[in-house]
Structures are given as C-alpha cells and as structure tokens.
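The structure under discussion appears below in the form of structure tokens.
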Amino acid sequence: MTDTTAPASITPVVVRLKLSLLRNGLRQSGGRRAAYVASAVVALLIAALQLIGLIALRGDASAVSVVVLLVAVLGLGWAVMPLFFPSGDETLDPTRLVMLPLRPQPLVRALLAASLVGIGPVFTLVLLLGSVIAVAHGAAAYVTAVVAVALALLICVALARAVAAANIRLLTSRKGRDLAVLSGLVIAVGAQVVNFGVQHLGSNGLSQLDPAAEVLRWVPPATAVGAVDSVSKGSYGLAAAQLVLSVAALAALVALWSGSLTKLMTAPDGSTIQSAEPAAKEKASAGGLSRLLPSGRTGTVMERSLRYVWRDPKTKAAWVTSLAIGLIVPVFNALQGTGSVYFACFAAGMLGIQMYNQFGQDTSAFWMVAMTISTTRDAYVELRARALALLVITLPYTALVTILTTALLGDWHRLPEVLGLSFALLGAMLATGAWTSARFPYSIPQGTHKNVAPGQAGLAWISIFGGMISAALLCSPVIALTIWANVSADGDQWSWALLPAGAAYGAALTYAGLRLAAPGTARRLPEILAAVSKG
C-alpha cells in the first residue's frame, strides 16, 4: 500500500524558529531589549511620519516621481543590507541548515515567509502603503495597489535573501566581514548626498525628479508602484506590462536564490577542502611593506600599525569613517557654495583622532608589546613609530583635501595658511593623543559593534574630547597668526609664511607630546595592560 500523505510544510516551523531566535535574543539582557524596543519605536514613528507625508502628496503632480524614487531606494537598501550587516539576521545564513534534509524549493518558501517577520518588513510595508495611496485613484487602481504592495514587498525581501545566499561564504569569512566597515562610508556619503539633494529640490521643486522617475518606474520593485499610477491614468496595457515585469523580477530572484541554496547545500567549501597557500607568495607579500620602512624597532612598529589599519575590522572601520567624513564635509560644503576653505582642517582633525587610545587598538595582544618596553626610551620609540605610521597616511591626505577644497572654492591665496593650520592641528592631536593613550587607555571589544568596553565610557570621553579641546588650545598661536593675516593690512604678504610656521609648530608639538608621554607609558604599563584587556 502506497503512502500518499503529503509532506508537512516547513514554513510554520521556520517562522516559529525566526520568532524564537528573536525572543531568545531579547532575553539575553535588559539592555538588548531596551535597544530593540527603542529602535522599533523610532522606526515605526519614522514610518508613520513618512506615511502621513506620502498621503499629503496625494493629488500633487510630482507624487508619482517621489514614490517611484522612494520604492527604488527601498529596493537598493534591501539589496545592500546583507553586505553591510551580515550578522543582523541569523536566519540570513542558510549554511546553518545544510545538515538538515531539506529541499531548496520548500526552504525558499519557508525562508521567504520568515523574512516577513521583523521591523524592516513592517517599515517597508508602511512606506509601500503610503506610496500606493499617494498615486491610486479609482477602484481599479486600489485593487492593483493590493497586488503591487505584495509584489514590491516580496521583491525587496527576495532581493535581500538572494544577495545574502550568493555571498554568504564571503560574508561569513574574516575578509567578508570587513565589508561592514563600508557602512560608515556609505552612511556618511549618503547623508551628504541626501542633504545636497534636498537643498537642490528646495530651490528647484519636485519636478526635478521626473526624468529619473521615468527611468526607475521600469526597474523593479518601483515597477509595481508605477503600475498603480498607470491604472489611475487609464493606461491598462502599460500597467499590465509593469506588473508582468515585477512578477518576472520576483521569479528571477527566487530562481537565483534557489540556485544559490542548492549550491550551498551540495558544494564543498573551505571548511572541507584543505587550503595550501604557497609559502613564497606569503613571504613576498610580507616583505613588500617592510622594505619601504625604516629598519629596527621603528620600522617593525610602523608595519604592525599599518597592518592593523588594513586587517583589523575595528581599526579599518575607524579609518574608513574618518577618511570619508574628512573629505565629505569640506568638499560637499564647497560644492553647495556655503563652505569655507578652512573646512579643510576637518580632515586633519578626523585623522588626528586615530592617535587616541593607541594601546586600546591592540586589545589583549598589548601584553606582547609591553614585554618589549622596559625603559622610557623604548616607550618613546614605540610611540614615535606609531605616530609616523599615522603620518604616512594623514600628511598626504590632509594636503590632498586642502588642495581639492581650495580648487573648488577658487581661494588659492589662502592655501598656505590653511595647510599650515591643518599641519599644526595634526601635530597637536598627535601630541595629545600620545599622552592620553598612556593616561586614559580603554578597551575596544572585538566581535561586537561596541567601541568601548562596559564601564569605560568615561575614560573614552575624557581621552577623546579632552584631548581634542587641549589640541585646539595648543593650536591657538597658529590660529591667532591666521586671524592676524586675514585682518591686518600687511597680513596678505606674510600669509605664505604660515605654511612653514604651522608645519614646524606641529612637528615641535608632536615631539614634545611624545617626550612627555613616554615616561608615563613606561611607568604605567601594568595599568595600561589591565585597561585595554578588559573587553
């Protein structure tokens, strides 16, 4: 007798698994529950405000352009979310289910349903509802809107899943997790682009969005919302084509996702295949950097510091963010016509922060460094080498940002004084950073998004903000000379002298700061080691 009983659906099981993961995660600590509740409230509040704003657009001639662009941005956000936050959703990693006897098609349906649970899908759903309400007119349009919202939401979720499944081997590796450091860069750039765009729209009106919307209304998931507008205008054939394109995009994403799942569940990876890196290649890559650096302890420490910048995720994230913001603030303000050439000093300030908490960047591995420091001279050489490693990047970068900002504003006669002021500020921050690194060290936890270990937030505030205020005070002589050069009748002819004066003053401050910090570093090694190893 043949058993004709259909296999039970795994969709409810996977949905309950998603809810259990969420619930158990919130049970770990009160702080995590509070953070989740706070983020949920903020997200829903923003979504509600967006919903009100979209409804208010109803009847506006440019409403369709706004909602089409909004849905296109939503789709882009869902596409990049797995790359920047690979650990944000534990169910995004299908390799956890590799050992289970599951077929790709039922698993795709189950994971797609589980993906609809969370703050992100609810936020997206509210924005999609507001978008279709803004452009729907008539019964047929509202019926189409129901289908369009479902299609757009499923496309967004399937897009995130397909991207995650296609890149999960990379995202779960050490180098893949380094992709998350780009989030700081994208957020910083995106914020300035949005700010620039809003100002441009405020002076030129929403009609400026029409050309981009005409193109994006044929790009899923914006095609679904475009179909609602087409029905409202009586273009039923156009609406049908946009809905068909949306369905085709969803089917293609599901097929891509299913293919990636099949490959993940059947193909071997690095955990089952022994990797053999050629020794010669590794030796050549290791020696390339050291040949360009000084010999002895100075070169060794510089190489170690530069390798931290390239390999350590937390250090790389800090550097990427500082480099991005240091360029964005002066350049974007110059492009908007509201900036000043002195905004270029922001680059030196952002990069000078990297000198603070030097030993905390080493975490518990600092004990290996501490074993090599027995005298004040050893401490001085260690700090000097770390400062030199930082200068390898900061000096050319500061000059580049200053020249670029000056070129955009056409204020070339101020270039020497701005460069001199930037170099003086950089030297002051290197000096104060060396001193605070020894006096107020704190731990940087690894494997989490926190930058300060619990109980050490006060040390971090004192170290960074106290040092920055001290650096500003130390720069007061160069600031005073800069002011004199701008207000004095004879100042213009002497403004060129601010470049060598600022560079020399910054170098003197750096030397003095390193000399003052060295005795405290050698004397407080046990306290520093205990502080940086806390996390």
* Apply side-chain contact (heavy atoms from CB on, under 4.5 Å) to V532 and Y442, showing your working. => CA-CA 5 Å; V532 302; Y442 57 90; over 6 Å; no
* Might you point out which heavy atoms bring V418 and A344 nearest each other, and give the distance in Å? => CG1-CB, 4.1 Å
* At their closest point, which heavy atom of A517 faces which heavy atom of L383, and how far apart are they? -> CB-CD1, 3.8 Å
* State whether the side chain of R386 and the backbone N or O of Q358 hold a donor-acceptor pair below 3.5 Å, judged by distance alone. => yes
* **Heavy-atom closest pair, residues M429 and A348** => SD-O, 4.1 Å
* L327 and L404, any side-chain heavy atoms less than 4.5 Å apart -> yes
* Structure fact -> Residues G75 and L159: closest non-hydrogen pair is O-CD2, 3.3 Å
* **Any side-chain heavy-atom pair of W78 and V163 under 4.5 Å** => no
* Structure fact -> Taken to the nearest 0.5 Å, the spacing of L216 CG from L70 CG works out to 11.5 Å
* Look up atom CG in L425 and atom CZ in F346, then write down how far apart they are to the nearest 0.5 Å. => 10.5 Å
* If only atom types and distance count, is the side chain of S437 paired as donor or acceptor with the main-chain N or O of M355 below 3.5 Å? -> yes
* Donor-acceptor under 3.5 Å (T315 side chain, V309 main chain) -> no
* Pair N357-T436, side-chain contact (heavy atoms from CB on, under 4.5 Å): steps then yes or no -> CA-CA 7 Å; N357 197 34; T436 58; over 6 Å; no
Less than 3.5 Å apart, which donor and acceptor atoms pair up between the side chains of residues 501-510 and the rest of the protein, not counting sequence neighbours?
unit_1	atom_1	unit_2	atom_2	d
Y505	OH	L474	O	2.5
T510	OG1	G427	O	3.3
T510	OG1	G506	O	2.9

* Roughly how far apart are L293 CG and E303 CD, rounded to 0.5 Å? -> 6.0 Å
* Structure fact -> A347 and G326 have their tightest heavy-atom pair at CB-O, 3.7 Å
* Report yes if some heavy atom in the side chain of P441 is under 4.5 Å from a heavy atom in the side chain of E527; otherwise report no. => no
* Taking the side chain from T398 and the backbone from L395, do they hold a donor-acceptor pair closer than 3.5 Å? -> no
* Asked: So, do L498 and L421 sit near enough that their side-chain heavy atoms are less than 4.5 Å apart?
  -> no
* Asked: Can you check whether T405 reaches Y342 side chain to side chain, under 4.5 Å on heavy atoms?
  -> no
* Asked: Would a distance-only check, ignoring hydrogens and angles, find a side-chain to backbone donor-acceptor pair under 3.5 Å from T372 to V369?
  -> yes
* Rounded to the nearest 0.5 Å, what's the gap from CD on Q354 to CG on L390? Could you check? => 7.0 Å
* Less than 4.0 Å between a side-chain N and a carboxylate O, is that true for E382 and R304? -> yes
* May I have all residue pairs that pass ring-ring contact (aromatic ring centres under 6.0 Å, His included) and include part of residues 353-395, sequence neighbours excluded? => F359-F366
* To do: Check whether any side-chain heavy atom of T298 lies under 4.5 Å from a side-chain heavy atom of R384, and answer yes or no.
  => yes
* CG of L74 to CZ of F123: how many Å apart, nearest 0.5 Å? -> 7.0 Å
* Evaluate side-chain contact (heavy atoms from CB on, under 4.5 Å) for W319 paired with Y308, printing each intermediate quantity in order. => CA-CA 10 Å; W319 272 94; Y308 275 168; over 6 Å; no
* **Donor-acceptor contact present, side-chain T300 to main-chain G296, <3.5 Å** => yes
* Structure fact -> Applying side-chain contact (heavy atoms from CB on, under 4.5 Å) to L415 and not counting sequence neighbours gives T402, I403, T406, W412, L419
* Structure fact -> Heavy-atom closest pair (P294 atom, M302 atom, distance to 0.1 Å) is CD-SD, 3.9 Å
* Would you confirm whether R523, through its side chain, and T376, through its main-chain N or O, come within 3.5 Å as a donor-acceptor pair? => no
* Run the side-chain contact (heavy atoms from CB on, under 4.5 Å) check on T432 and I469 step by step: do they pass? -> CA-CA 9 Å; T432 56; I469 294 173; over 6 Å; no
* What is the distance from atom CG of L256 to atom CZ of R161, rounded to the nearest 0.5 Å? -> 14.0 Å
* Asked: With no hydrogens and no angle check, is any side-chain donor or acceptor of T375 less than 3.5 Å from a backbone partner on D378?
  -> yes
